[in-house]
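In what follows, residues are counted from 1 in the order of the sequence shown.
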Amino acid sequence: MEVSPLPPTRRRPPPPGNRPPGGRRPRPRPPIRWSTRIAGGVALLVITVSGIGHAVVDGVNGAIGRVDAFGGMQGRPDGTKGTNFLLVGTDGRDGLDPADRRRYHLGGAPCHCTDTIMLVHLSEDRQRAGIVSIPRDSYVRLPRDPVTARSASPAALDGKAAADPPPAATTRPAKINEAYAEGGAKLTVRTVEQLTGVHIDHYLEVDFASFMKTVDVIGGVKVCTTVPLKDSFTGLDLPPGTTTLDGGRALQYVRSRHIDGSADLGRMQRQQRFLAQVIHKITSGDTLANPVELSRVASTALGSVRADQQLGAGDLIALAKGLKGLSASSSEFVSVPLSDLDYEVPGIGSTVKWDETKAGELWAAIRADRPLAPARVRNGHKVTKVEVDPAQIRVKVSNGTDTDGLGAQAQQALRATGFVTPGLPTTAAHAVRRTVIDYDPRWDRSVRSVAAALPGAELVPVAGQGSVMAVTLGADFAEVRPVTVAADSVVENAVTGDEVVCS
């Protein structure tokens with residue numbers, strides 16, 4: 001039985017040999033897969049900058065509409081690991097062609113409020129993206145005075161995260177989408193931060209016209225349904241099966257909330273399916289590998305949004321470089337858990353109330369940078385659940401092959417799936433045919449986690465070795481399989497992108 005780890009063992013000198021660490025011959029690396037995040041069309045900018053040079057991005061950067069989303073704000077939640085974007089879709093119709101207004105049922109007067117609100121959390125290691133849909137009818141309390149709404153401190157919002165909730169006389173009940181109408185981006189950010197306790201790093205906003213442009217520039221988006229989808233309010237009319245939507249029809253799809261009794265909750269599910277399809281399309285194709293095409297897409301996407309003043313070209317490039325490994329399977333979708341779907345408020349009508357406990361667990365997971373959905377597939381492989389958390393296991397890698405760089409490649413993959421890999425990989429004294437894991441018998445549970453990541457490896461007990469697992473790569477080594485601890489925290493109703501795309 002495994003006992004408590006001993007103090008770190010002394011690092012043994014590398015075995016003799018004049019080969020450089022990793023061996024001789026280079027092993028071809030798999031091609032880079034580009035990926036994206038899109039919320040109401042906005043988050044596509046994350047991917048489109050990933051292959052564009054500074055000159056192109058700097059040029060497009062000047063075309064981005066800017067909005068003051070954070071100026072003068074005090075008492076905000078502490079920053080968290082990773083990066084948090086607040087993505088909102090408004091019902092703005094400026095720039096729409098009159099024919100499109102009629103064709104897609106967009107002739108009504110805008111309420112100048114948020115039609116869609118999503119919080120996107122990019123993990124610190126850039127291995128996951130969590131996308132949380134916030135119902136537009138969520139019950140909140142906003143400042144009574146419209147002027148105060150534009151300049152109020154966060155303490156003036158009645159949310160659990162506020163240290164000292166204000167007296168009811170200074171606030172009024174409202175739906176969360178009214179925050180934008182009363183105080184613009186700043187009040188919207190403040191409201192979300194107060195309700196969630198999550199620090200928002202960047203703000204992105206898209207209206208109807210920019211959404212349509214973005215969908216069109218990527219060649220449309222495929223959606224699927226098993227039943228007809230009809231909504232007389234938006235004009236949506238989709239038959240069963242799979243349909244590729246252009247910008248206008250895609251807008252109808254993500255706006256429709258009168259298809260059935262699920263109303264706004266059903267609409268959020270369709271929005272999540274839509275986003276998953278965008279991610280799937282980008283990661284499974286090579287359109288954006290073409291620099292010319294990539295530049296065209298970036299110019300359209302980045303030139304069609306409004307962003308906070310702090311989001312610059314350098315931030316976009318650095319962010320995109322960290323997102324290269326994302327795919328549909330590493331994107332997580334969840335809606336805020338609710339306790340009351342029809343909370344009547346005098347003068348406001350029907351609102352929805354969050355489940356205080358479950359919503360609190362969701363936001364705590366984001367603040368702690370924990371996965372939201374069960375890890376089922378990662379990088380095309382089924383994720384194996386293990387008993388001991390890889391983050392508690394130290395692994396030293398030695399290359400027992402003639403393939404140059406194999407040790408470094410394996411060490412990086414082990415680190416990516418959660419193992420601690422101190423130091424540099426070394427070169428084994430002799431070539432080996434089969435991968436070997438040397439381990440101290442006292443750590444027999446930990447070694448099973450390593451063995452799950454290296455299926456087929458030979459386990460060799462070495463008494464007195466200590467807590468460090470010594471892996472010697474053999475000629476049979478092909479790859480590191482992803483593993484996750486069985487006790488991973490999972491948020492209710494969270495799913496990964498590959499679970500909601502069309503087959």
Participant: Please determine, by modelled atom types, if D369 and H121 share a side-chain donor-acceptor pair under 3.5 angstrom.
Facilitator: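 Note: D369 and H121 side chains meet the donor-acceptor criterion.
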Participant: Between W354 and S138, is there a side-chain donor-acceptor contact under 3.5 Å, judged purely by atom types and distance?
Facilitator: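 Yes, W354 and S138 have a side-chain donor paired with an acceptor closer than 3.5 Å.
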Participant: Keeping Q411 on the side-chain end and G423 on the backbone end, is there a donor-acceptor pair under 3.5 Å?
Facilitator: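 At least one qualifying donor-acceptor pair exists.
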Participant: Donor-acceptor check, side chain of T242 to backbone of C224, threshold 3.5 angstrom: yes or no?
Facilitator: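 Pair absent, no side-chain N/O of T242 close to backbone of C224.
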Participant: Let me confirm one number: the CZ-CD distance from R445 to Q392, rounded to the nearest 0.5 Å.
Facilitator: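 Spacing of CZ (R445) from CD (Q392) equals 9.0 Å.
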Participant: Heavy atoms, side chains only, cut-off 4.5 Å: are F477 and L454 in contact?
Facilitator: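 Side-chain contact under 4.5 Å: yes.
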Participant: We want to know whether T351 and D137 form a side-chain donor-acceptor pair, criterion being a heavy-atom distance below 3.5 angstrom.
Facilitator: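 The answer is no; no qualifying pair exists.
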Participant: If you round to the nearest 0.5 Å, how far is CD1 of I134 from CE of M118?
Facilitator: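 If I round to the nearest 0.5 Å, the distance is 10.0 Å.
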Participant: Could you check if a side-chain atom of E356 sits within less than 4.5 angstrom of a side-chain atom of S339, using non-hydrogen atoms only?
Facilitator: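 E356 does not reach S339 side chain to side chain.
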Participant: Go through T243 and R249 one step at a time and tell me if the side chain to side chain contact (heavy atoms under 4.5 Å, CB included) criterion holds.
Facilitator: CA-CA 10 Å; T243 307; R249 297 185 74 193; 3.8 Å; yes
Participant: Determine yes or no for a side-chain-to-main-chain donor-acceptor pair under 3.5 angstrom, with E178 supplying the side chain and K175 the backbone.
Facilitator: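 Answer holds: yes.
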Participant: Return yes if a side-chain donor-acceptor contact under 3.5 Å exists between S398 and T426, otherwise no.
Facilitator: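 Per modelled atom types, S398 and T426 side chains form a pair under 3.5 Å.
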Participant: Is the ring pair Y343/Y139 parallel, tilted or perpendicular, if the boundaries are 30 and 60 degrees?
Facilitator: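 Y343 and Y139: perpendicular rings.
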Participant: Roughly how far, to the nearest 0.5 Å, is CE of M469 from CG of D440?
Facilitator: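 The CG atom of D440 sits 8.0 Å away from the CE atom of M469.
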Participant: Is any side-chain heavy atom of L195 closer than 4.5 Å to one of V140?
Facilitator: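 SC-SC contact between V140 and L195 confirmed.
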Participant: Donor-acceptor pair, distance only, cut-off 3.5 Å: does the side chain of D308 make one with the backbone of L311?
Facilitator: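 Such a contact is found between D308 side chain and L311 backbone.
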Participant: To check you understand the geometry: which heavy-atom pair defines the closest contact between S256 and R270, and what is its length?
Facilitator: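 The answer is O-NH2, 2.9 Å.
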Participant: Between D389, V386, T484, T417, which is the residue that forms a side chain to side chain contact (heavy atoms under 4.5 Å, CB included) with S449?
Facilitator: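 Single side chain to side chain contact (heavy atoms under 4.5 Å, CB included) partner of S449 among D389, V386, T484, T417: V386.
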Participant: So, taking the atom named CZ in F85 and the one named CG in L119, what distance separates them when rounded to the nearest 0.5 Å?
Facilitator: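 Reported to 0.5 Å precision, the distance equals 10.5 Å.
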Participant: Locate the shortest heavy-atom distance separating P390 from V483; write the atom from each residue and the value.
Facilitator: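 Between these two residues, the closest heavy atoms are CG-CG2, 3.7 Å.
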Participant: When you compare the side chain of P135 with that of L338, does any pair of heavy atoms fall below 4.5 Å?
Facilitator: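 L338 reaches P135 side chain to side chain.
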Participant: Counting distance only, does the side-chain N/O of Q465 pair as donor-acceptor with the main-chain N or O of V468 below 3.5 Å?
Facilitator: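 Pair found, side chain donor or acceptor close to backbone of V468.
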Participant: Can you see which heavy atom on V480 is nearest to which on A410, and at what distance?
Facilitator: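 The answer is CG2-O, 4.0 Å.
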Participant: Do Y203 and E205 get their side chains close enough for a donor-acceptor pair, meaning under 3.5 Å?
Facilitator: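 There is such a pair (donor and acceptor under 3.5 Å, judged by atom type) between the side chains of Y203 and E205.
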Participant: Side chains of S350 and D342: donor-acceptor distance under 3.5 Å anywhere?
Facilitator: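 There is such a pair (donor and acceptor under 3.5 Å, judged by atom type) between the side chains of S350 and D342.
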Participant: Flag the pair K186 and D68 as a salt bridge only when some basic side-chain nitrogen lies within less than 4.0 angstrom of an acidic carboxylate oxygen.
Facilitator: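 Yes, charged N to carboxylate O under 4.0 Å.
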Participant: Without swapping roles, check the side chain of R76 against the backbone of R190 for a donor-acceptor pair under 3.5 Å.
Facilitator: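 Answer holds: no.
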Participant: I'd like to know if the side chain of T472 reaches the main chain of V436, judged simply by a donor and an acceptor atom lying under 3.5 Å from each other, with no hydrogens or angles considered.
Facilitator: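 Judged by distance alone, no pair lies under 3.5 Å.
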Participant: Determine, stepwise, if the pair Y253 / L229 fulfils side chain to side chain contact (heavy atoms under 4.5 Å, CB included).
Facilitator: CA-CA 9 Å; Y253 180 81; L229 298 180; 3.9 Å; yes
Participant: Give a yes or no answer on whether the side chain of E332 reaches the backbone of L372 with a donor-acceptor pair at less than 3.5 Å.
Facilitator: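 Confirmed, E332 side chain pairs with L372 backbone.
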Participant: Looking at every non-hydrogen atom in both residues, tell me the closest pair between K358 and P337 and how far apart they are.
Facilitator: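 Heavy-atom minimum between the residues: CB-CB, 3.7 Å.
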Participant: Does V336 reach the side chain of V132, with side-chain heavy atoms less than 4.5 Å apart?
Facilitator: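 They are in contact (side-chain heavy atoms under 4.5 Å apart), so the answer is yes.
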Participant: Could you walk me through whether V254 and T116 pass side chain to side chain contact (heavy atoms under 4.5 Å, CB included), step by step?
Facilitator: CA-CA 9 Å; V254 300; T116 300; over 6 Å; no
Participant: How long is the gap from CZ on R448 to CD1 on I437, to the nearest 0.5 Å?
Facilitator: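 Between R448 CZ and I437 CD1, I get 12.5 Å after rounding to 0.5 Å.
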Participant: Between CD1 of I131 and CZ of F333, what distance do you get to the nearest 0.5 Å?
Facilitator: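 I131 CD1 to F333 CZ: 4.0 Å, rounded to 0.5 Å.
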Participant: Can you tell if the side chain of N84 reaches within under 4.5 Å of the side chain of V120, non-hydrogen atoms only?
Facilitator: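 No, every pair of side-chain atoms sits at 4.5 Å or beyond.
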Participant: Taking the side chain as C-beta and beyond, is there a heavy-atom pair between R367 and K81 under 4.5 Å?
Facilitator: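 When only atoms from C-beta onward are counted, K81 and R367 do not touch, as no gap falls below 4.5 Å.
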Participant: State, to 0.1 Å, how close A129 and L122 come at their nearest heavy-atom pair, and which atoms those are.
Facilitator: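 Heavy atoms of A129 and L122 come nearest at CB-CD2, 3.6 Å.
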Participant: What pair of heavy atoms forms the shortest contact from G474 to T435, and how long is it?
Facilitator: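 Minimum heavy-atom contact is N-OG1, 3.1 Å.
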Participant: Evaluate T188 against I176 for side chain to side chain contact (heavy atoms under 4.5 Å, CB included), listing each step before the verdict.
Facilitator: CA-CA 8 Å; T188 302; I176 196 171; over 6 Å; no
Participant: L86 versus I117: any side-chain heavy-atom pair under 4.5 Å?
Facilitator: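 Yes, side chains in contact.
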